[in-house]
K.L.:
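Following this message is one structure expressed as structure tokens.
Every value quoted in this text rests on a predicted model; they were computed, and no experiment measured them. The chains referred to below are lettered A, B, ... by the order of the sequence lines, with proteins before strands, and numbering in each begins at 1.
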Amino acid sequence: MKTDSSCCNCSKPKDPGRRSALKICTGALLGLAAASAHRTHAGEISDARPEIGDFLVRTDAEGGTQPLTISDLAVGDKPILAFPLEPASGAIKSGSRLNKVIVFRVQPEEIDEDMRRNSVEGIVAYSAVCTHQGCDITNYVPKDNALICFCHFSQFKPTHGGEVIGGPAPRRLPVLPLKAENGRLVVAGKFSSKPGATAG
Amino acid sequence: MKNKIRPLVAALALTPLLATAALPQYAPVTDIRLANPEPQNWLSYRGNYASWGYSSLKQINTQNVAKLKLAWAYSTGMTEGHQSPPIVNNGYMYITTPNNQVIAFEAATGKELWRYKKTIPEELQQLHPTNRGVALYGNKLYLATTDATLVALDAVTGKELWKTAVADWKKGYYMTLAPLAAKGKIMVGSSGGEYGIRGFVAAFDAETGKEAWRTHTVAGPGEPGGDTWPADTYKRGGGSVWITGSYDPDTNLAYWGVGNAGPWMPDTRAGDNLYANSTIALDVDTGKLKGYHQYHWNDGWDWDEVSAPLLIDVERNGKKIKSLVHAGRNGYLWLLERTNSKINFVDAWPYVTQNVFKSIDPKTGRPTYDPARTPGTGKTVNFCPSLWGGKDWPPEAYNPGTGLLYIPANNNLCSELTGEPAKYNAGELYIGVSIDNILTNVRMDDKARKHVGEVQAWDIKTGKKVWTHTYPEMNWGPLLTTGGNLVFGGGTNDRKFRAFDATNGKLLWEFPTNSGVTGVPSTFEIDGEQFVAVQSGWGVDAQRMQGAFDAVLPHKTVVPQGGVLMVFKLEQ
Ligand code: FES
């Protein structure tokens with residue numbers, strides 16, 4: 001039962017896009033199984049952060065690996081949790097939970113100017129990992145216009161770049177910029193800041 | 001204990017060695033010492049195996065406690081809930097902080113000896129970023145971490161000796177408790193009920209870290225109680241173990257509190273759901289279940305029965321009982337009898353407003369419920385006490401001098417919950433109540449608006465409440481009681497740490513600390529001088545409850561964060 005904790009560090013922060021040789025631990029492999037098991041360095045892709053041109057696919061099996069389209073999201077629907085998918089290889093970047101994003105649609109006119117550039121017809125995407133202690137953010141409460149984290153009730157304003165509007169989170173939620181291509185949602189830039197808990 | 005120090009290590013250790021010149025050689029912590037701890041030390045989570053939170057030290061007493069002054073303080077540099085007791089062994093003191101750190105001090109002066117920081121996986125989510133302390137055994141010190149690892153350190157140097165993965169943190173297993181050390185074993189249990197884990201208590205060899213046994217708190221098919229879970233619900237049945245067990249060396253049984261069943265809505269797992277919401281008796285050599293008492297079956301209120309019962313010999317109706325005493329999260333105070341083969345129900349009565357139980361079977365202690373106050377999927381119900389219960393994890397204390405049990409309670413508070421379907425995804429929340437409902441669950445009537453937090457003193461012999469001290473809002477303060485006839489505790493959002501007269505509850509001293517005090521206080525003596533130590537550092541559940549209060553009250557309360565260890569002594 002003894003373990004080497006270095007395995008736990010297999011998903012250490014990497015420069016996005018840098019494809020260095022990585023140790024792969026079970027967690028990383030699990031996410032891969034569904035995608036492209038034949039790739040020798042598939043683990044690298046599975047762990048790598050979202051890149052420009054990636055599609056988004058649901059984290060649960062229900063949607064299969066069909067990339068999300070604009071018509072999958074309506075104002076008032078529950079948010080969708082998604083992982084990036086690299087179109088060239090078909091690999092889903094689900095090896096690290098830091099790649100999990102929360103995607104949903106609000107009225108476009110509610111979105112401020114800066115965020116509008118990163119959204120598609122009112123559809124916004126954020127890191128689904130709270131900047132406080134790293135819990136999943138799965139809930140959007142429209143009446144408060146707030147993304148709420150269950151763990152310690154941090155609240156973020158998705159129409160305004162994920163700024164903190166309540167709770168202990170020390171910094172805003174990273175934005176994942178979106179664009180549309182043929183009705184599909186496509187990643188238009190890297191996370192606006194490092195996803196995950198804030199050290200200290 | 002082998003003490004081979006290589007030259008490099010010796011050189012590195014030079015500075016701390018000079019600094020600790022005043023410290024005696026480290027005294028190994030043995031079974032005999034843990035079973036009969038010296039009054040000058042605080043060797044384990046609650047000071048003794050019976051979980052009393054009691055010290056016979058009496059230099060600081062009702063006459064002079066008003067002269068208590070800060071002797072030294074130390075800023076941990078961490079935010080979040082600082083809950084661990086300062087654990088003291090012959091002048092060496094150890095605290096833990098959130099984010100899995102251990103700091104060692106010279107207890108008399110506050111000089112830092114060493115600091116250990118466990119590497120935290122980048123992907124870890126910490127629902128409870130806290131730690132409730134170390135266990136000392138032999139020359140080692142043990143830490144249970146939020147990435148579900150058991151770590152052994154050299155108590156003198158802080159050097160990591162081994163670490164053992166106890167469970168898979170990616171599936172939501174994590175640990176916040178101080179381990180229990182007895183008979184060559186280090187015992188821990190896992191949290192993670194909100195993530196659909198299957199709880200357990202496990203024991204590891206103190207020397208090597210090798211697993212000795214593991215007993216699930218959620219019974220599986222073929223095990224006694226396995227038929228109280230439909231289909232495969234046991235696999236995700238919760239039953240977290242949040243808090244250090246008590247231990248009876250005479251019977252070699254350890255008593256653990258078990259958390260609620262998951263997900264929260266009871267109709268998703270029709271049945272009693274053993275051994276959720278129970279206390280269980282485990283044989284320390286084998287892990288075998290030797291008895292249990294389920295405080296309430298098929299929980300729907302998030303009433304984890306997390307804290308271990310106190311082992312107290314009481315006389316009741318002329319009969320001597322080796323008892324187990326537990327102030328339940330379900331709002332009832334439980335008196336049970338422990339034997340070497342089972343646990344018997346003796347008595348139970350509400351110690352806070354409780355409107356769910358319609359009756360208690362006088363023989364078995366099994367409650368019946370008001371269906372209108374029992375949550376369910378698609379159903380909205382209001383119930384008291386709130387989901388944080390009459391008492392959450394903060395431990396009670398028992399003083400053999402006064403014969404009283406002291407409870408850090410939250411009274412008058414109710415909750416409203418609406419159940420919804422829950423879907424299991426490994427490592428993700430698995431609750432069945434919406435997050436905004438939990439944020440706004442608190443219901444307060446006029447009584448609650450007047451006061452919620454209490455320190456209660458009960459005579460368990462007679463079942464009578466002897467005194468109550470009330471606070472306007474919550475109480476999350478673990479209690480310490482002493483031979484000086486005192487009760488110490490914090491837990492309020494006004495940042496104060498207080499001392500009461502143990503006999504009558506009179507407030508004798510209070511000190512406004514840096515943050516809110518949710519730390520377990522301890523006391524110890526060095527060179528004839530008594531100290532009282534506690535960590536101040538608000539966070540975790542206290543902060544969450546404050547958030548819920550702020551959501552329904554016309555005012556908001558800001559409790560500043562940041563951990564400070566405070567050590568008090570009498571003014572010369
Ligand atoms: S992790 Fe989200 S509020 Fe703490």
K.L.:
Out of curiosity, Leu127(B) CG to Phe150(A) CZ, how far, rounded to the nearest 0.5 Å?
P.N.:
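If I round to the nearest 0.5 Å, the distance is 5.5 Å.
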K.L.:
Just verifying a value: how many Å separate Glu428(B) CD and Thr138(A) OG1, rounded to the nearest 0.5 Å?
P.N.:
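So the CD of Glu428(B) and the OG1 of Thr138(A) are separated by 8.0 Å.
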K.L.:
Going from CG on Asn139(A) to CD1 on Ile435(B), what distance comes out if it is rounded to the nearest 0.5 angstrom?
P.N.:
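One gets 3.5 Å once the value is rounded to the nearest 0.5 Å.
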K.L.:
Below 4.5 Å from any heavy atom of chain A, which atoms of Leu150(B) appear? Answer side chain, backbone, both or neither.
P.N.:
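Neither part, no heavy atoms under 4.5 Å.
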K.L.:
Heavy-atom pairs under 4.5 Å with chain A are the metric here; pick the option from Asp541(B), Leu124(B), Thr149(B), Asn425(B) that has the most.
P.N.:
Leu124(B)
K.L.:
With a 6.0 Å cut-off (strictly less than), is the heavy-atom count around NZ of Lys179(A), excluding the residue itself, greater than 12?
P.N.:
yes
K.L.:
Evaluate the criterion salt bridge (Lys or Arg N to Asp or Glu O under 4.0 Å) for residue pair Glu122(B) and Lys194(A); output intermediate values, then yes/no.
P.N.:
CA-CA 11 Å; Glu122(B) 191 189 25; Lys194(A) 193 171 174 276; 3.3 Å; yes
K.L.:
Is the shortest distance from a Lys or Arg side-chain nitrogen in Glu123(B) or Lys100(A) to a carboxylate oxygen in the other one below 4.0 Å?
P.N.:
no
K.L.:
Are His152(A) and Pro129(B) packed together at the side-chain level, in the sense that at least one heavy-atom pair is separated by less than 4.5 angstrom?
P.N.:
yes
K.L.:
Quick check for you: among Gly134(A), Pro168(A), Cys151(A), which has the greatest number of heavy-atom pairs under 4.5 Å with chain B?
P.N.:
Cys151(A)
K.L.:
Is Glu80(B) in contact with chain A via its backbone, its side chain, both, or neither, using a 4.5 Å heavy-atom distance?
P.N.:
side chain
K.L.:
Taking atom SG of Cys149(A) and atom CG of Leu439(B), what is their separation to the nearest 0.5 Å?
P.N.:
11.0 Å
K.L.:
State the OG1-CD distance between Thr146(B) and Gln133(A), to the nearest 0.5 angstrom.
P.N.:
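If I round to the nearest 0.5 Å, the distance is 8.0 Å.
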K.L.:
So with a 6.0 Å cut-off around CD of Glu113(A), is the heavy-atom count from everything else above 12?
P.N.:
no
K.L.:
So which heavy atom on Cys135(A) is nearest to which on Gln125(B), and how close?
P.N.:
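Scanning both residues completely, I find the closest heavy atoms to be CA-OE1, 3.2 Å.
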K.L.:
So for Gln126(B), is it side chain, backbone, both, or neither that comes closer than 4.5 Å to the heavy atoms of chain A?
P.N.:
both
K.L.:
What is the distance from atom CZ of Phe153(A) to atom OG1 of Thr440(B), rounded to the nearest 0.5 Å?
P.N.:
8.5 Å
